Number of protein chains: 2
Amino acid sequence: MTTRWLTPEEQRAWRAYVAGYLLLEDAIDRQLQQEAGMPHLYYSILANLSETPERRLRMTDLAEQLKITRSRLTYAVARLEKDGLVRREECRWDKRGTVAVLTDEGHAILENIAPGHVETVRAGLFDRLTPEQVGQLEQIFTQVVQGFQGDGDGEAGPEELPWRRRSSPCSGTSGTSGAPETTGTTGTSGASGA
Amino acid sequence: MTTRWLTPEEQRAWRAYVAGYLLLEDAIDRQLQQEAGMPHLYYSILANLSETPERRLRMTDLAEQLKITRSRLTYAVARLEKDGLVRREECRWDKRGTVAVLTDEGHAILENIAPGHVETVRAGLFDRLTPEQVGQLEQIFTQVVQGFQGDGDGEAGPEELPWRRRSSPCSGTSGTSGAPETTGTTGTSGASGA
DNA sequence: CGATCTTGGTTCAAGTTTGAAACAAACCTA
DNA sequence: TAGGTTTGTTTCAAACTTGAACCAAGATCG
């Protein structure tokens with residue numbers, strides 16, 4: 001096959017996108033590192049945990065939500081545990097499993113640093129966009145995510161993959177993690193979630 | 001100040017975006033790692049070098065184009081140099097400077113792996129988007145990048161910052177690196193540049 | 001000129017990420 | 001129910017990233 005190169009428009013979009021996300025991630029990482037001593041991912045872990053009813057999630061579920069490897073998560077949680085922000089518990093229903101639980105301290109810390117984080121996201125991204133663009137951004141990346149969703153399993157496309165929806169009793173009752181209605185003080189976590 | 005949390009729309013956009021870029025970067029990194037034994041950034045370095053008239057660029061210029069730190073670039077170039085894909089030369093006009101030069105081997109390798117890379121970018125991103133969305137994506141991230149541009153220097157906004165445009169004779173004649181008209185075989189690099 | 005400031009790059013230690021390998025519990029099947 | 005496969009998670013070594021500290025070469029200014 002003779003390679004379908006990117007069109008000029010695609011090239012421009014790609015360049016802008018790559019530059020943009022590097023700058024954005026950099027800014028976010030730096031901000032969190034300075035004010036909280038942790039990188040973006042670690043914040044996301046705390047945030048995701050805080051959104052579940054019982055502030056607990058199985059490692060695999062967490063990894064899946066965050067779109068990272070189990071290995072990476074193990075390392076990250078180990079660090080957060082050492083800092084006392086997260087606790088590990090074994091899953092009673094599945095002896096193989098481990099659930100990560102947000103500690104009270106972890107929750108407190110999260111509430112402290114959330115505002116700064118949100119502010120950074122806002123300054124770097126949302127304050128630059130019109131409401132329409134926010135919608136476009138969501139639409140675009142939702143499609144991208146869905147694209148990968150379908151990939152993994154036998155070219156299934158946008159199927160439901162019911163057997164994958166193993167809402168193990170260990171994780172908070174959060175199903176496939178729908179919309180986190182949180183918005184108040186606790187919403188802090190939601191606000192910057194993923 | 002009472003923190004302006006993200007609106008539900010912004011939250012959704014943010015979540016989709018974060019999940020999307022993680023998946024995308026992951027796919028790209030994995031593909032390049034497998035087929036070329038190098039991460040995305042390293043590919044970008046080769047690509048950027050290949051776009052300049054003489055396939056050479058000063059370290060600082062390169063770092064700036066790629067939106068990464070000098071430190072990170074030093075490490076990356078060291079590795080690429082060890083692999084023989086890039087060569088370091090000292091800048092004649094400024095004894096402090098170092099220029100990274102794409103070797104013939106580096107260029108050859110780049111042409112070999114470019115198709116696969118472009119294909120991955122296409123499969124993960126562009127094939128999912130309508131032409132309008134490609135335009136939107138460019139617009140959105142261009143604004144994001146510009147936002148950061150202005151930041152660094154005294155709230156200058158979209159100024160020209162003439163003194164920064166130090167197109168040192170060492171780097172290829174590429175100014176602030178405009179549009180890389182490349183599109184043919186060599187365009188490979190351009191196609192996936194940044 | 002000489003002290004000082006800025007700029008271009010590298011180095012170093014500490015922290016993070018990766019992918020493959022190792023384990024162990026759960027599941028399936030004959 | 002033994003044996004084999006799958007699933008959940010950790011471990012390990014190698015590679016990468018980070019930020020601060022450092023060195024040397026321009027640029028400034030009295």
Side-chain angles (χ1 to χ4, degrees), chain A residues 22 25-34 36-45 57-64 66-83 88-100 152-153 163-164 166 168-171, chain B residues 22 25-34 36-45 57-64 66-83 86 88-100 152-153 163-166 168-171:
Chain A
L22 280 174
E25 260 303 286
D26 228 52
I28 292 174
D29 264 331
R30 195 159 13 252
Q31 189 273 323
L32 278 172
Q33 196 65 55
Q34 294 200 327
M38 64 175 81
H40 189 187
L41 173 65
Y42 293 57
Y43 175 91
S44 297
I45 291 176
L57 226 32
R58 262 184 90 145
M59 294 296 274
T60 297
D61 294 325
L62 192 46
E64 190 170 334
L66 296 169
K67 310 299 181 197
I68 62 175
T69 62
R70 259 99 90 266
S71 169
R72 188 176 177 184
L73 180 60
T74 293
Y75 183 99
V77 167
R79 204 266 235 185
L80 289 173
E81 182 168 41
K82 193 170 55 188
D83 293 350
R88 267 194 246 256
E89 283 182 18
E90 61 173 40
C91 176
R92 233 167 341 202
W93 293 268
D94 184 342
K95 290 280 179 50
R96 293 169 300 182
T98 306
V99 289
D153 318 283
W163 51 271
R164 213 321 179 197
R166 125 200 114 357
S168 47
C170 286
S171 278
Chain B
L22 280 175
E25 261 303 287
D26 228 53
I28 292 174
D29 264 331
R30 196 157 15 252
Q31 189 273 324
L32 278 172
Q33 197 64 57
Q34 294 199 326
M38 66 176 80
H40 189 189
L41 173 65
Y42 293 56
Y43 174 91
S44 297
I45 291 175
L57 227 31
R58 264 184 87 146
M59 294 296 273
T60 296
D61 293 327
L62 192 45
E64 189 170 334
L66 296 170
K67 310 299 182 198
I68 63 174
T69 62
R70 256 105 88 267
S71 169
R72 188 176 177 184
L73 180 61
T74 293
Y75 182 99
V77 167
R79 203 267 234 183
L80 290 173
E81 182 168 41
K82 194 169 57 189
D83 293 350
V86 159
R88 266 192 245 255
E89 283 181 18
E90 58 175 42
C91 175
R92 232 166 343 202
W93 293 268
D94 184 342
K95 291 277 180 53
R96 294 169 300 181
T98 306
V99 290
D153 318 283
W163 53 271
R164 212 329 178 192
R165 190 181 37 204
R166 127 199 110 358
S168 46
C170 286
S171 277

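Numbered from 1 within each chain, the chains take letters A, B, ... in sequence-line order. Note that the structure is a prediction, hence the values are computed from the model and not measured.
The nearest pair of heavy atoms linking B:H40 to B:L32 is CA-CD1, 3.7 Å. Shortest non-hydrogen contact noted between B:L62 and B:A100 is CD2-CB, 4.3 Å. Residues B:C91 and B:R58 approach most closely at SG-NH1, 3.9 Å, considering heavy atoms.
For A:T98, the side chain to side chain contact (heavy atoms under 4.5 Å, CB included) test picks out A:M59, A:R88, with sequence neighbours left out. Taking B:E89 as the reference, B:R56, B:R87, B:V99, B:V101 meet the side chain to side chain contact (heavy atoms under 4.5 Å, CB included) condition, with sequence neighbours excluded. Applying the side-chain hydrogen bond (donor to acceptor under 3.5 Å, both in side chains) criterion to B:R30, with sequence neighbours excluded, gives B:D26. The side-chain hydrogen bond (donor to acceptor under 3.5 Å, both in side chains) check on B:R96 picks up B:D94, with sequence neighbours excluded. Partners of A:T69 by side chain to side chain contact (heavy atoms under 4.5 Å, CB included), not counting sequence neighbours, listed by chain and number: A:S71, A:R72. Checked against side chain to side chain contact (heavy atoms under 4.5 Å, CB included), B:D83 has the following partners two or more places apart in sequence or in another chain: B:R79, B:L85. Residues forming a side-chain hydrogen bond (donor to acceptor under 3.5 Å, both in side chains) with B:D29 (at least two apart in sequence, or on another chain): none.
Taking a pair as Watson-Crick or G-U with both hydrogen-bonding distances under 3.5 Å, the stems of three or more pairs touching DNA chain C are C:1-30 with D:1-30.
Atom pair A:Y43:OH and C:dT16:P shows a separation of 18 Å (rounding to whole Å applied). Following rounding to the nearest Å, A:L57 (CG) and D:dT9 (P) show an atom-to-atom distance of 10 Å. Atom pair A:M59:CE and C:dA25:P shows a separation of 18 Å (rounding to whole Å applied). The separation between A:R70 atom CZ and D:dT10 atom P is 10 Å, rounded to whole Å. Between the CD atom of B:E81 and the P atom of C:dG9 there is a distance of 14 Å, rounded to whole Å. Note: CD (B:E25) to P (C:dT18) measures 10 Å, nearest angstrom. C:dG9 atom C1' lies 13 Å from atom CG of B:L62, rounded to whole Å. Rounded to whole angstrom, the span from the CG atom of B:L73 across to the P atom of C:dT11 amounts to 13 Å.
For the atom pair CG (A:L41) and CG (A:L66), the distance works out to 6.0 Å, reported to the nearest 0.5 Å.
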**Complete:** B/S/- along nucleotides 14-27 of chain D (protein heavy atoms under 4.0 Å) is -SBBBB-----BS-

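Base contact: A:T74 has a heavy atom under 4.0 Å from a base atom.
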Please produce a list of atom pairs where a protein N or O lies less than 3.5 Å from an N or O of nucleotides 1-4 of chain C.
none

